[in-house]
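Naming convention: chains lettered A, B, ... in sequence-line order (proteins, then strands); numbering from 1 in each chain.
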Protein chains: 4
Amino acid sequence: MTIPVDGETDDPPTTARRRRRNPHSHQSILAATSELLGEVGYTALTMEGVAARAGVGKATVYRWWPTKGALVVETLSAQLPAPEPIDTGELRQDLLTAIRRAVQILAVGPAAAVIPALAADLSSDPAMAEQFRAQIIRPRRTVVLEVLQRATRTGELPADVDTELLLDIYAGAVFYRVLVSGEPVTDGLAVQLVNLLIDGKTPVTRPDGHADSAH
Amino acid sequence: MTIPVDGETDDPPTTARRRRRNPHSHQSILAATSELLGEVGYTALTMEGVAARAGVGKATVYRWWPTKGALVVETLSAQLPAPEPIDTGELRQDLLTAIRRAVQILAVGPAAAVIPALAADLSSDPAMAEQFRAQIIRPRRTVVLEVLQRATRTGELPADVDTELLLDIYAGAVFYRVLVSGEPVTDGLAVQLVNLLIDGKTPVTRPDGHADSAH
Amino acid sequence: MTIPVDGETDDPPTTARRRRRNPHSHQSILAATSELLGEVGYTALTMEGVAARAGVGKATVYRWWPTKGALVVETLSAQLPAPEPIDTGELRQDLLTAIRRAVQILAVGPAAAVIPALAADLSSDPAMAEQFRAQIIRPRRTVVLEVLQRATRTGELPADVDTELLLDIYAGAVFYRVLVSGEPVTDGLAVQLVNLLIDGKTPVTRPDGHADSAH
Amino acid sequence: MTIPVDGETDDPPTTARRRRRNPHSHQSILAATSELLGEVGYTALTMEGVAARAGVGKATVYRWWPTKGALVVETLSAQLPAPEPIDTGELRQDLLTAIRRAVQILAVGPAAAVIPALAADLSSDPAMAEQFRAQIIRPRRTVVLEVLQRATRTGELPADVDTELLLDIYAGAVFYRVLVSGEPVTDGLAVQLVNLLIDGKTPVTRPDGHADSAH
DNA sequence: GAGTAAACGAGACGGTACGTCGAGTCTTTTC
DNA sequence: GAAAAGACTCGACGTACCGTCTCGTTTACTC
């Protein structure tokens, strides 16, 4: 195929000029960043520490990533599982999967502690914001947008459904709960959100997640 | 009374002894923090800078606030408008007001740029998280919780409505949109959220905010 | 006597304000500089290395000495023997002593390797040049100037002798020989210089230093 | 001829083999060095800067000159006027000319600011010291040595005059005055030195240089 | 109203990290 | 096959703040 899959490094054949980064250093740096993110978190991560852990000069880190944020975005994007398409054949199930993935990333996995701190830098660094959205957010949103668009074709959702808002609502709920409320995020949250978004059911308290799903 | 009026933080009856903070310094520090937050933002705010701007020794700042975060939380809490009760007599209108207030704080006002950065520190600093929730979040949530509880009594909402989740949903949508999506937040968002949460209407794209409000 | 000898710090009575340097740090830094000068020389001496060796923060070094040169000048001035007055009763002997002292400092002692490198910075750093001359050169020149002035009173030297030049000649000869010619400096050099400067004897080659001293 | 014409510096007979340096790069580098010496001085001159200014890779500079000092010595030697023989027929005049040349190089011309800094590196870099003496110092000393040797044949100077020391004295006086004393160097200095060295006249202060020359 | 303890401004302190620069080496590409 | 281009590791630069710690000096509560 001729798809120029690649992402961050690049394909020697096409470019030829520019960029001849040492792939070994490059990998060491990403690995060191990943380790240190796990050990000390985003805030306490330093470029100096990354360079030291990677056995690399600081200048080498700065040569390829202008800021800590850019480095972390790339590290995250490399270590997060690729966003597989979702298509179970049923909207409810698809959306549930999507929300569970969001929960996984925002509340459970190793990135959970990193993303909020990263997000905080977005408003003051537009370049990084764009990189973050392009490398982390957009690929995952795209998958869910396809789910929703499919549903408009089958009539499960109205043709003019505000897909963007729908995504913001469930992702925001998870994000806000983790970050601001500080309450635990259970699977029940995913179910309640699906019920609300698809069936318009105002969320009610139930001891457990399979609540209300019986209808 | 002869109670040494003062603290927004401590209870005069029990302490009485201890603490004889200079109210002038105290005010200078909060004012300096507020100014600097506006000028350089949360990240670039330094304790050193605050002390200098306030014409105060660094130790004086540290004496009363252990961290930058704690200082900023108190500054914010002092400058944010007090959360007035909401009671228009109609749930829809009450909730709309609540959401608009959230938008005001999270997306429009001077705190909009500060809160995300502040929030990022919450996961790594539980003490500050508690202070943040107690001084900023809880008072405002309480007002809305009263609105929702009133609605359960009138039957506008089911008795077992998950009020906490409801709050997380609309606040999260606003927060996420500002912080992560980076999309503009319009008043239409508030209307769409009310429609969804009260009437179960899946959000659809409309050019403007008064969409669907006809019911 | 009650002369407030002091030298580099300052007299508390008059100033009172400003300057409250930690004498312990101050000493550690000078000691570390002295050691490192001996171990690695002036060129390879770094402010960072000094701070590390002294167990002190870099900022502390920079707080009191703006440049490496200033630090080295003060170190040298502290470790060089104080310039004792010279008065043997005889001009020839006095001058011989003076030249031998110059040889000692410029060619033999621990400062011999440092002064040339230091001198090289003088032309590009007038502040340091002044400090160097005031702390190192002038005190030693003053002693010899007194010798020469005494000689003019006794008639051993003409009243209008160009004392400054006389000093430049013998010091320059030693300095140049060490630095540029790279030839060894023997005691014969001192004798030859005395003969030339006092008796006007053109220097001739003699196997050893006591040459010509018989007059 | 088959000699690979090239160097302004090396002797074709001995080297012949080895070396096929690109004459264009070679010239660019020397020119860049010369310019930068004038602009920023010896200390602030960097190999990196030279390479950039010359439009050449750093490795190319390092291939031909092992150190900054070596490069500067060669640059200087190429741009300093060749040491013409001196023979006015009169020792006094010859020596005056020699001293004036020394003043010209050490105190007036473009090399004045460079040589002290260069000299400072000599004691720590014997290879460079040798190169410096061979390319810069020796050729000029040789010319004056001839003057002095001629004078011994005519009896103007004693047969066993210490020629080396004589040179060190006048060169040292100029050098020291420029570098250490920091006093201005006038032509009177040259006259005073000649008077001392040839006639044994102790230097006296006179408003101007033609002093004492009348005798 | 004097004595005393605290809070105060000032800022030095030992540190960590910043982001930049240059050293000197090495590899890859170009002519 | 030399040399351009420039990436690489290393280490120092000089600065900014960190949070702690003396210093005297107010200041306002005791006694």
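Considering every non-hydrogen atom in both A/A117 and A/Y42, the closest pair reads CB-CD2, 3.4 Å.
Across the protein-nucleic acid pair, C/I29 atom CD1 and E/dG15 atom C1' stand 14 Å apart, rounded to whole Å. Rounded to whole Å, atom P of E/dG15 lies 13 Å from atom CG of C/N22. If you measure from atom OH of D/Y62 to atom P of F/dA7, you get 17 Å, rounded to the nearest angstrom. Spacing between atom NE2 of B/H24 and atom C1' of F/dT26 amounts to 15 Å, rounded to whole angstrom units. Distance CZ (B/R63) to C1' (E/dA6): 8 Å, rounded to an integer number of Å. For the pair B/M47 CE and F/dC18 P, the interatomic distance rounds to 7 Å; values are reported in whole Å. For D/L36 and E/dC21, the CG to P distance is 16 Å, given to the nearest whole Å. Distance CZ (C/R53) to P (E/dG14): 17 Å, rounded to an integer number of Å.
Where D/K58 and A/A59 each meet DNA chain F at their nearest nucleotide, the meeting point lying more 5' is that of D/K58. Between B/G55 and A/A44, the residue whose closest nucleotide on DNA chain E is further toward the 5' end is B/G55. Between C/K68 and A/G57, the residue anchored nearer the 5' end of DNA chain F, judged by the nucleotide with its closest heavy atom, is A/G57.
Remark: side-chain polar atoms of D/T75 are paired, donor with acceptor, to backbone N or O of D/L71 under 3.5 angstrom.
Checking the phosphate oxygens (OP1, OP2) of F/dA4, a side-chain nitrogen or oxygen of D/T60 falls inside 4.0 Å. The phosphate of E/dG14 has OP1 or OP2 within less than 4.0 Å of a side-chain N or O from C/S25. Put simply, A/W64 has a side-chain N or O that comes within less than 4.0 Å of OP1 or OP2 on F/dC8.
Here C/A51 lies out of heavy-atom contact (under 4.0 Å) with every strand. In this structure, B/G49 reaches neither bases nor backbone, as no heavy-atom distance under 4.0 Å exists between it and the strands shown.
Taking only side-chain atoms of B/T46, from C-beta outward, the nucleotide of F/dC17, E/dA7, F/dT15 with the closest atom is F/dC17. Between F/dT9, E/dG22, E/dG11, one nucleotide has an atom nearer to the side chain of D/E48 than all others, and that is E/dG22.
The shortest side-chain heavy-atom distance between C/Q27 and C/L30 falls under the 4.5 Å cut-off. Between D/V56 and D/V50 there is no side-chain heavy-atom pair separated by less than 4.5 Å.
Using a cutoff of 4.0 Å between basic side-chain nitrogens and carboxylate oxygens, A/R53 and A/E39 are scored as salt-bridged.
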